[in-house]
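So the structure is just underneath, and the comments pick up after that.
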Amino acid sequence: MSRFFAGGSDSDSDSSSDSEPVIRQQVAQFTFSDEEEDVKRVVRSKKEKRYEDLSNIIKSIRNHKKIKDMSSVLTSFEEFMRAYTKALPVVMKEENGVTPRIVVRALAELEDFVNESWDDKESRKNLSKNNNKALGTLRQKFRKYIKDFESDMKRFRAAPEDFAEEEEDDEREDEKGSDEEEEKVVVQVEPKAVSFKKEPEKAKPVKPVADSDSSDWGSDSDSDSTSSDEDAKYTSIRDRFLKKPEKGSEEISSAPSGVSGDDAFKKEKKKKTGEALSKKKKPKQDEMFDENEEEEEGWKVVNGTRSGASEQPKMFAKDAEIDTKLVVNKLNEVMAARGKKRTDRKMQIEFLRELRTVAETNNLGPAVAVKIRFNIVSAIFDYNPKVSGAMKLEHWSKLLEEIQELLKLLLAHENVHLSESILDEYEEYDTAPFRIRGCMLTAVERLDDEFTKLLKECDPHSNEYVDRLKDEVPVTNIIEQVVTYVERLGNEMEICRIYLRKIDHLYYKFDPDVLKKRKGQLPANTITSVEEMDKLCRYIYAKDQTDRLRTRAILSHIFHHALHDNWFQARDLVLMSHLQETIHHSDPATQILYNRMMANLGLCAFRHGNIKDAHLCLVDLMMTGKPKELLAQGLVPQRQHERSLEQEKIEKQRQMPFHMHINLELLECVYLVSAMLLEIPYMAAHEFDARRRMISKTFYQQLRSSERQSLVGPPESMREHVVAAAKAMRHGDWNACANFIVNKKMNVKVWDLFYEANRVREMMIKFIKEESLRTYLFTYSNVFASISVPHLADMFKLPKSKVHSLISKMIINEELMASLDDPTETIVMHRSEPSRLQALSMQLADKVTNLVDANERIFEMKQGNFFQRGGNQGYNRDRQNYRNQNQNQNWNNNRRQDNRNRGNRGNQNRGEGREQREHHRDHHRDQREHREHQREFREQREQMRNVEYQNKAE
């Protein structure tokens with residue numbers, strides 16, 4: 001019999017025959033009880049099943065979060081949603097519709113995890129492609145799912161401690177209840193310990209302990225003698241596998257054998273595990289910066305285990321007398337740690353706030369309050385370690401509050417003078433006028449830059465961007481207050497700087513009151529944004545000493561005039577400033593503003609009907625093919641070479657916020673329509689001209705690519721509409737052209753974006769009619785002998801006076817060889833234009849003449865090299881000998897140098913050289929005479945051709 005099924009060894013069983021039947025009965029009874037325990041079923045309620053499923057899924061989510069396995073977190077979250085949907089009827093019945101605490105807490109933890117993972121862009125870059133994709137999907141699904149739990153989440157955020165304590169209490173009650181059940185079982189069994197049949201029930205509570213502590217089992221390397229000695233110590237199997245009393249605490253040793261020691265061991269193990277977890281969590285909790293934490297009264301005791309604790313300033317002594325000097329010294333002590341490596345920036349802000357409270361409590365005066373608040377603003381700016389990144393929203397809101405309070409103090413106390421020109425040793429806090437070192441203008445400029453960074457960080461198509469954009473109202477109010485404060489100081493340079501900040505928030509905004517005042521709908525004394533911009537810019541023009549501020553002010557002024565259809569004022573400012581000549585030497589931000597100004601000026605010219613000016617303004621932007629980058633509205637992938645990370649980072653910092661963007665499709669459409677109205681009549685007038693130039697290369701390429709297509713369907717995109725309209729205009733069909741340009745789809749995409757869309761559409765249709773008429777006359781003038789003006793007016797739906805005016809201009813500019821007959825109201829064609837065959841033959845003759853001239857020049861170069869040794873023709877052959885010589889040397893020096901370099905090559909005889917030079921001069925004389933004869937022949941041919949045309953015309 002094996003010793004594992006009995007208290008004694010095999011020798012004991014042989015020696016005592018009386019105990020042998022007891023042992024057999026015990027083995028059978030014990031084995032039977034184990035089988036019965038395995039087969040035993042546990043009946044659970046539906047509530048327990050659902051809650052157990054939810055708790056298991058929540059545990060798996062927490063485990064996956066620790067290793068940042070986003071794919072598994074997403075899968076577990078989807079399982080959680082399905083499990084909670086199944087448990088919802090139980091929740092409605094058992095909990096009366098109240099969401100369980102464990103669910104609320106799990107959702108809150110998952111929300112914090114998703115937000116932190118999404119905000120941490122550096123760690124997001126390190127994620128794999130699947131995890132990154134899973135994080136985006138998880139964020140979308142979670143934001144959609146969490147809407148049903150908004151009230152529960154608010155309760156949790158308001159008091160998370162209640163949820164945590166309740167959850168822990170439940171766990172403790174469960175543990176306590178299980179312990180009590182075990183004790184009850186043991187108490188019931190102890191009196192019957194001698195009973196042989198009830199012995200298996202006594203071993204039930206021991207099974208989890210024996211399973212969990214497998215390390216206390218005997219090893220395989222123990223000798224047989226040792227194992228036999230140990231077997232003699234135990235009287236039963238249960239005693240063998242129980243925890244040894246020596247390894248437990250005093251409570252375990254003093255407790256009665258069996259269950260009490262086991263319970264004590266469980267509690268001791270849980271205690272050790274809790275201490276280990278608390279030690280692991282301690283450093284993380286110390287490093288966390290919880291801005292939602294409420295400020296407590298009095299100084300906070302700094303933990304001595306922190307690495308930066310030695311650098312933190314000490315608190316005031318209890319019996320110290322609080323005065324201005326003491327507070328200022330403490331302030332300097334706190335700010336001395338600014339910028340150091342291990343400085344706790346959060347603790348620094350807390351110290352400064354405590355100093356502010358102490359100063360307000362002891363009424364130390366406005367100067368000390370201003371100094372402390374200014375340093376708080378600087379500390380909040382310093383909290384963000386990344387200069388290129390945006391600060392957190394909670395810091396941003398606190399920064400706005402601090403600056404607003406600081407400006408209230410400065411405006412309320414005129415005797416407080418804050419300036420960066422004041423040195424630290426000359427500061428004055430006790431007597432008026434108070435003098436403090438600092439620059440309010442620099443702080444506001446930094447605030448404005450941080451606001452721009454916040455807008456760039458947000459998704460422009462989300463509600464978050466709209467919420468951030470609402471902060472522009474307090475930012476502009478702060479700038480207005482700083483304008484008042486700086487104007488009171490009277491520093492012209494600072495006034496120019498703050499005026500430019502105000503202009504930056506004003507120049508791109510459309511003010512409908514400007515157009516209403518122009519129409520007389522508002523009183524004359526109404527101040528509009530145009531008048532405000534004019535006042536600010538004129539001051540900068542007069543007082544600024546740097547070119548950059550003046551340049552940016554002019555560009556913003558032109559942009560604002562163009563935005564409100566002040567075409568002539570904007571055009572005059574551009575022409576008088578000569579910015580187009582010097583803008584290439586400016587910084588990138590100013591060049592971006594120049595591009596934005598030119599784009600808006602082109603739109604203004606188009607609205608006024610100045611098609612040529614609109615095309616000239618937009619051609620530089622659109623010819624490059626990357627207006628998106630030139631206007632700083634996004635990055636376009638480059639084909640030749642990729643950007644480095646540093647270049648991409650710099651270019652992203654230059655991008656404009658989304659609400660300041662100019663519609664690129666509107667720009668392109670205006671440019672293509674302007675090019676169409678200019679290019680199509682020009683192409684019709686110079687159809688057979690070999691030297692025809694392109695007005696718009698981009699439009700020409702679009703037109704040619706469409707003509708190369710074998711099958712052309714109905715237009716869909718904006719470009720296809722313009723190309724189809726251009727084809728219709730080439731045939732003189734103005735109605736089809738107008739329908740392609742002005743239709744429902746184009747109105748939604750482009751034309752409805754203008755302020756007065758109907759006026760712009762009517763203007764475009766008028767220009768389409770006029771240019772279609774010009775194109776029709778250019779194309780079909782050689783077909784007609786005379787055309788009736790009323791017929792043209794009826795065909796193109798134009799008044800007779802307009803048709804008469806257009807034809808007169810064409811005749812005066814010699815674009816149309818015709819004359820007007822007023823009595824009959826007809827256009828009589830002179831037929832002086834060559835026919836198609838004549839035009840092609842003239843082109844052929846010109847090309848042949850050019851070919852002959854080219855061949856003659858080549859022949860002259862070859863013949864000249866044979867005779868010439870140092871002249872112009874010889875220079876083409878031996879130019880390497882003259883490349884480094886001075887061009888001012890005479891021909892004799894060049895010849896002598898050539899002879900020296902050439903050495904013994906050629907004939908050294910002077911008589912032979914003289915004959916060669918004479919022969920060369922004769923050859924040149926013959927060439928000149930030949931060219932003169934050719935020139936005379938061409939002139940005679942042109943005269944004869946002109947005479948023939950005149951005879952035909954007569």
inquiry  = If the test is side-chain contact (heavy atoms from CB on, under 4.5 Å), which one of Val486, Leu489, Ile498, Ile403 qualifies with Met440?
reply    = Ile403

For [X] and [Y], does a side-chain donor sit closer than 3.5 Å to a side-chain acceptor?
X	Y	result
His505	Asp448	yes
Asp544	Thr546	yes
Ser71	Asn131	yes
Tyr465	Glu457	no
Tyr541	His557	yes
Ser419	Ser421	yes

Ion pair present between [X] and [Y], side-chain N to carboxylate O less than 4.0 angstrom?
X	Y	result
Glu450	Arg446	yes
Arg501	Asp504	no
Glu402	Lys398	no
Asp382	Arg345	no
Glu420	Arg437	no
Arg373	Glu401	no
Asp613	Arg571	no
Lys649	Glu646	no
Asp449	Lys453	no

Donor-acceptor contact present, side-chain [X] to main-chain [Y], <3.5 Å:
X	Y	answer
Gln633	Lys628	no
Asn375	Lys371	yes
Asn477	Val473	yes
His661	Met656	yes
Ser556	Ala553	no
Ser123	Asp120	yes
Gln591	Ser586	yes
His564	Val530	no
Thr137	Lys133	yes
Asp511	Ser529	yes

Residue [X] excluded, over 12 heavy atoms near [atom1] under 6.0 Å:
X	atom1	answer
Asn126	CG	yes
Arg139	CZ	yes
Ile67	CD1	yes
Lys456	NZ	yes
Arg143	CZ	no

message = I want to check a possible cation-pi pair here: Arg607 against Trp567, using under 6.0 Å from ring centre and within 45° of the ring axis as the test.
response = no

ask   = Aromatic rings Phe559 and Tyr507: how do their planes relate, parallel, tilted or perpendicular, breaks at 30° and 60°?
value = perpendicular

message = In the structure I gave you, are the side-chain heavy atoms of Leu630 and Ile592 within less than 4.5 Å of one another anywhere?
response = no

ask   = Is any side-chain heavy atom of Tyr383 less than 4.5 Å from a side-chain heavy atom of Met391?
value = no

